[in-house]
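The chain is numbered in sequence order, starting from 1.
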Amino acid sequence: MNLWCCLWFNRKKEKEEEEEEEEEEENCNFFEPMNNDEDIFGKASDDGDESQPRNFEPNFFQDFAKESFGSWPVTRRSEGESSSVNAGLVPVSGPESPVADENRDSSHKRAKFYNEGNFDDLASSSKVKYSMDYEEFDVSHGPNNVACYDDFALGCIHEDGNCVENGEGNDSELEDQEVVRMDLTDDLLHMVFSFLDQTNLCRAARVCKQWRSASTHEDFWRSLNFENRDISEEQFEDMCRRYPNATALSISGPSIYSLVMKAISMLRNLEVLTLGRGQIGDAFFLALPECSMLRKLNISDSTLGNSIQEISVVHERLCHLELTKCRVMRIQVRCPQLKTMSLKRSNMAQVVLNCPLLHELDIGSCHKLPDAAIRAAATSCPQLVSLDMRNCTCVSDETLREIAQHCPNLGFLDASYCPNISLESVRLPMLTILRLHSCEGITSASMAAIAHSSMLEVLELDNCGLLTSVSLDLPRLQNIRLVYCRKLADLNLRAISLSSIQVSNCSVLHRINITSNSLQKLALQKQDSLTTLALQCQSLQEVDLSECESLANSVCDVFSDGGGCPMLKSLVLDNCESLTSVRFISTSLISLSLGGCRAITTLELTCPNLEKVILDGCDHLENASFCPVGLRSLNLGICPKLNILRIEAMLMVSLELKGCGGLSEASLNCPLLTSLDASFCSQLTDDCLSATTRACPLIESLILMSCPSIGLEGLCSLHWLPNLALLDLSYTFLVNLQPVFDSCSQLKLQACKYLTDSSLEPLYKGGALPALQELDLSYGTLCQKAIEELLSCCTHLTRVSLNGCVNMHDLNWGYSRGKFPELPGISILSTASSYDNIHVSNEQPTRLLQNLNCVGCPNIRKVFIPSTANCSHLLFLNLSLSANLKEVDVACLNLCWLNLSNCSSLEVLKLDCPRLTNLFLQACNIDEEAVEAAISRCTMLETLDVRFCPKISSMSMGRLRAASSGLKRIYSSLSSSSA
């Protein structure tokens with residue numbers, strides 16, 4: 001059910017609320033609309049003439065209004081023209097119209113909703129015009145204007161300018177409608193506006209008087225932010241007068257002094273005061289005690305004081321003081337309740353503190369503070385817990401000793417970039433965090449002082465150039481950093497709670513000994529000199545020692561069972577080039593990476609839970625043992641020197657030995673193995689293959705390409721593999737394939753040059769391998785007759801590759817009386833042509849062939865595949881690089897891809913392929929008339945490639961497009977593509 005919103009005010013209620021409005025306007029002038037009684041943040045004119053425009057003073061709230069309503073142009077209307085009040089969006093007739101006054105007075109009234117049964121009828125009764133400051137649109141009946149009614153319309157008028165009121169217009173049609181009041185109370189607005197910032201509050205104030213009144217509530221203006229705002233003293237004073245209970249004030253700019261003095265006198269409830277980028281005179285600090293409620297004072301990038309060289313900050317309740325990047329000679333602070341103080345980057349030369357409760361002091365980068373001033377300031381705060389004095393280059397050990405005596409609770413100390421400290425004789429027993437970055441005086445002797453800080457949890461010693469060794473026993477230490485310690489050679493840590501350690505770019509570090517019960521991850525990459533590693537870490541799970549080039553073989557004992565890391569799961573030893581013999585016995589290890597460890601010759605892994613191992617680049621590996629492991633797959637990469645391999649993996653399903661040319665002995669116990677790739681294992685013998693087939697009976701894919709040592713005895717063992725589907729014997733010296741003809745669906749025999757014409761007779765004469773689908777005889781020596789008989793009898797083949805077969809002369813599938821003719825070549829074609837009208841398709845077996853590749857067959861001259869050949873499944877035909885191919889005549893119903901590229905002798909092309917979509921004729925010596933005739937019967941052709949065809953010019957592209965209506969792309973030598 002749709003709802004129609006209009007203003008339906010009661011006359012009696014209007015009079016009652018007019019009096020309330022007058023009282024509200026006295027207190028809400030702050031947000032008056034610009035074209036109403038007052039400007040949005042200005043004052044009413046003295047003469048009280050409402051018709052005169054206001055002179056606006058620039059202030060930051062006007063900036064807010066411009067930013068918020070820049071896209072809502074305010075248009076001024078002439079007398080008698082309908083307009084809406086800028087803030088309330090209420091339509092009026094004109095400045096002199098009584099209706100305008102009534103609407104302006106009632107702009108904050110609550111609206112009523114009429115439950116509409118049929119909105120179209122209601123809208124069609126009168127054409128209603130909605131007028132707003134930022135947009136006008138006419139609303140009339142009809143479905144195209146329904147979206148207009150979804151907006152919350154605060155006013156509606158007839159075309160004549162009269163307002164639709166009670167008793168006017170079509171009252172008879174509205175009397176029967178159910179009235180639903182939307183009770184948008186002030187409390188509800190207050191709750192909604194509590195989620196808005198001051199910018200959006202200013203935007204909301206321009207909607208209507210009710211919103212303007214709600215948005216000026218002092219709850220939303222407790223914090224006054226004048227940072228980066230150009231505001232005059234009068235405007236600022238007006239703001240302070242409107243919101244005397246504000247608790248937070250922010251001011252910045254050159255005029256902050258005069259403004260803050262007014263704030264001190266007018267805002268008695270200030271708790272937070274923030275000042276910046278200006279000059280603050282002495283009177284401010286003298287008047288500061290008048291702000292009795294002040295809790296926090298922030299002053300940044302300012303000049304303090306006028307002529308005198310000392311300022312005093314005195315306040316009884318101030319708790320937080322920040323004077324950041326301030327310019328002053330001497331400062332005195334007497335605040336008995338002060339808890340935190342920051343003087344960071346200020347250039348004062350003297351600081352006197354009388355703050356007995358101060359907990360945190362930050363004097364970082366105060367370069368002009370002398371050692372004595374720092375000592376006096378810190379020692380005067382006995383409750384000090386945190387001290388930051390980094391970049392205070394004058395600090396000495398004597399000052400630290402005094403601080404340690406007078407501040408027994410000090411827990412945080414940052415003395416980074418203090419070159420004169422060494423911590424000798426300094427005792428800080430309660431210290432928990434210590435940062436000593438780039439401290440040139442820190443040496444190995446300083447570790448004795450640090451060792452007395454038994455509560456220490458965080459220690460940072462980055463870039464301590466003279467530090468040679470670190471030996472610490474700190475039971476609470478959790479985090480330690482040692483970065484760019486160029487002379488650090490020995491690290492000995494005993495920290496039961498240690499959970500994080502960062503050691504990097506320590507070029508001479510050669511020994512590390514760590515004892516911890518909490519450390520879970522250890523990363524020590526690129527420690528070139530590290531030779532010895534000792535760990536007693538009961539919770540350690542991940543270790544990364546990448547590029548530790550000097551690491552010795554003894555590291556294997558550290559990570560084996562009993563070596564001190566019983567929970568280790570991941571170990572990375574990439575590019576550790578000094579490792580030669582790696583032996584791990586671990587029941588917890590899951591992942592091991594030895595990539596780039598070129599010096600390893602022996603690898604022995606007894607890790608029953610090992611699931612991942614990386615051996616890329618271990619090209620000197622000679623002996624490898626994986627007994628037992630939990631690996632599911634293993635890729636040994638290229639290990640030409642590997643000669644002995646032992647694997648016991650009950651879960652392994654895939655094994656790649658590609659490139660292990662020296663492998664002569666392999667013992668595999670992998671009962672679930674399904675894929676074995678032993679390509680280029682030239683030393684693999686029949687005995688090894690026989691043992692493997694017995695131990696791994698589930699093998700489905702067996703690749704023995706370029707394994708010349710495999711003979712008849714090895715092939716006989718294939719009967720142990722009942723699930724064998726893919727067998728690759730390419731580039732072998734096999735002659736007798738009889739053991740292969742038991743079970744196999746994919747057979748690859750590329751470049752098997754010792755196969756004779758009779759080697760494949762069991763396939764096309766004896767009916768062997770009836771499930772064989774893929775056969776690759778590329779680069780073989782079979783004669784033309786054997787190939788023809790194979791293609792004619794093995795109709796179950798789906799993919800055949802005859803690439804580079806030099807004995808293949810013609811591909812002629814034209815039949816005569818259901819048999820291949822004895823004469824090859826042209827006679828077959830002519831004979832078949834005489835039987836074009838004889839329907840013998842029922843006598844020919846249906847071929848399942850889908851993909852035929854005859855790439856680079858140099859002696860093939862003619863290809864003839866008529867429709868009677870029953871090649872209805874043929875989809876892809878590739879005859880590219882057949883240099884002597886002259887004639888192609890193909891009639892295949894489902895052929896969709898034909899490649900004749902680089903057939904330079906091609907002259908005749910006949911195609912009857914209605915579903916052909918891609919035709920490639922690149923670099924063919926065929927004329928455009930033959931191409932046009934060929935593609936005329938290919939109605940679904942989309943792509944034609946005729947690049948580098950010398951007899952086809954770019955001017956004939958239009959003819960080719962006309963020959964095949966579905967052609968989308970033509971590739972020519974002058975244009976890479978055209979559509």
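Residue pairs that meet the side-chain hydrogen bond (donor to acceptor under 3.5 Å, both in side chains) test with at least one member in residues 599-609, sequence neighbours left out, are R583-E604. Annotation: ring pair (Phe, Tyr, Trp, His ring centres under 6.0 Å) contacts involving residues 766-810, sequence neighbours excluded, are absent.
Residues C871 and L849 fail the side-chain proximity criterion, which asks for heavy atoms closer than 4.5 Å. For the pair Q750 and Y731, the minimum side-chain heavy-atom distance is below 4.5 Å. By the 4.5 Å heavy-atom criterion applied to side chains, K765 and C793 are not counted as neighbours. In this structure, the side chains of L551 and S578 stay at 4.5 Å or more apart for every pair of heavy atoms.
For M650, the CE atom is densely surrounded, since the number of other residues' heavy atoms within 6.0 Å is greater than 12. Applying the 6.0 Å contact sphere to CZ of R694 captures more than 12 heavy atoms from other residues, nucleotides or ligands. The neighbour count for R476 CZ, taken as heavy atoms of other residues, nucleotides or ligands under 6.0 Å away, does not exceed 12. Annotation for L466: atom CG counts as buried by contact number, over 12 foreign heavy atoms lying within 6.0 Å. In this structure, I638 places its CD1 atom where only 12 or fewer heavy-atom neighbours from other residues, nucleotides or ligands lie under 6.0 Å away. Atom OH of Y764 is surrounded by more than 12 heavy atoms from other residues, nucleotides or ligands within 6.0 Å.
Judged by distance alone, with hydrogens and angles left aside, the side-chain atoms of D574 form a donor-acceptor pair with the main-chain N or O of G595 at under 3.5 Å. Formation of a donor-acceptor pair under 3.5 Å by the S518 side chain with backbone atoms of I496 is found in this model. Between the side chain of T531 and the backbone N or O of H510 there is at least one donor-acceptor pair closer than 3.5 Å. Counting only distance, with no hydrogens or angles, the side chain of D686 and the backbone of G711 share a donor-acceptor pair below 3.5 Å. Using modelled atom types, one side-chain atom of N878 and one backbone atom of S880 make a donor-acceptor pair closer than 3.5 Å.
No side-chain donor-acceptor contact under 3.5 Å links S581 and N553. Using a 3.5 Å distance cut-off with no hydrogens or angles, the side chains of E700 and N723 do not pair a donor with an acceptor. Between the side chains of N517 and Q538, no donor-acceptor pair is found at a separation under 3.5 Å. No hydrogens or angles considered: nothing links the side chains of N807 and T781 as a donor-acceptor pair under 3.5 Å. Between the side chains of S901 and N899, at least one donor-acceptor pair of N or O atoms lies under 3.5 Å. In summary, the side chains of S469 and S444 do present a donor paired with an acceptor at a separation below 3.5 Å, with no hydrogens or angles considered. Side chains of D687 and T685: no donor on one and acceptor on the other come within 3.5 Å.
Under the 4.0 Å criterion applied to side-chain N and carboxylate O atoms, D619 and R598 are assigned as salt-bridge partners.
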### Task
Show your reasoning for whether side chain to side chain contact (heavy atoms under 4.5 Å, CB included) applies to L769 and L775.
CA-CA 11 Å; L769 297 179; L775 178 62; over 6 Å; no
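The shortest non-hydrogen separation linking L488 to C506 is CD2-SG, 4.2 Å. The shortest non-hydrogen separation linking N803 to V855 is OD1-N, 2.9 Å. Here the closest non-hydrogen pair linking Q746 and E774 is OE1-OE1, 3.3 Å. Between L509 and V503 the shortest heavy-atom distance is CD2-CG1, 3.7 Å. Smallest separation of non-hydrogen atoms from C707 and F680: SG-N, 4.4 Å. Contact detail for S588 and C565: the closest heavy-atom pair is OG-O, 4.5 Å.
Scored by the side chain to side chain donor-acceptor pair (under 3.5 Å) test, T756 finds S758, S759 as partners (sequence neighbours excluded).
The only member of L605, L568, V629 that meets side chain to side chain contact (heavy atoms under 4.5 Å, CB included) when paired with L589 is L568.
Taking the six-membered ring for Trp and thresholds of 30 and 60 degrees, F559 and F584 have ring planes inclined between 30 and 60 degrees apart.
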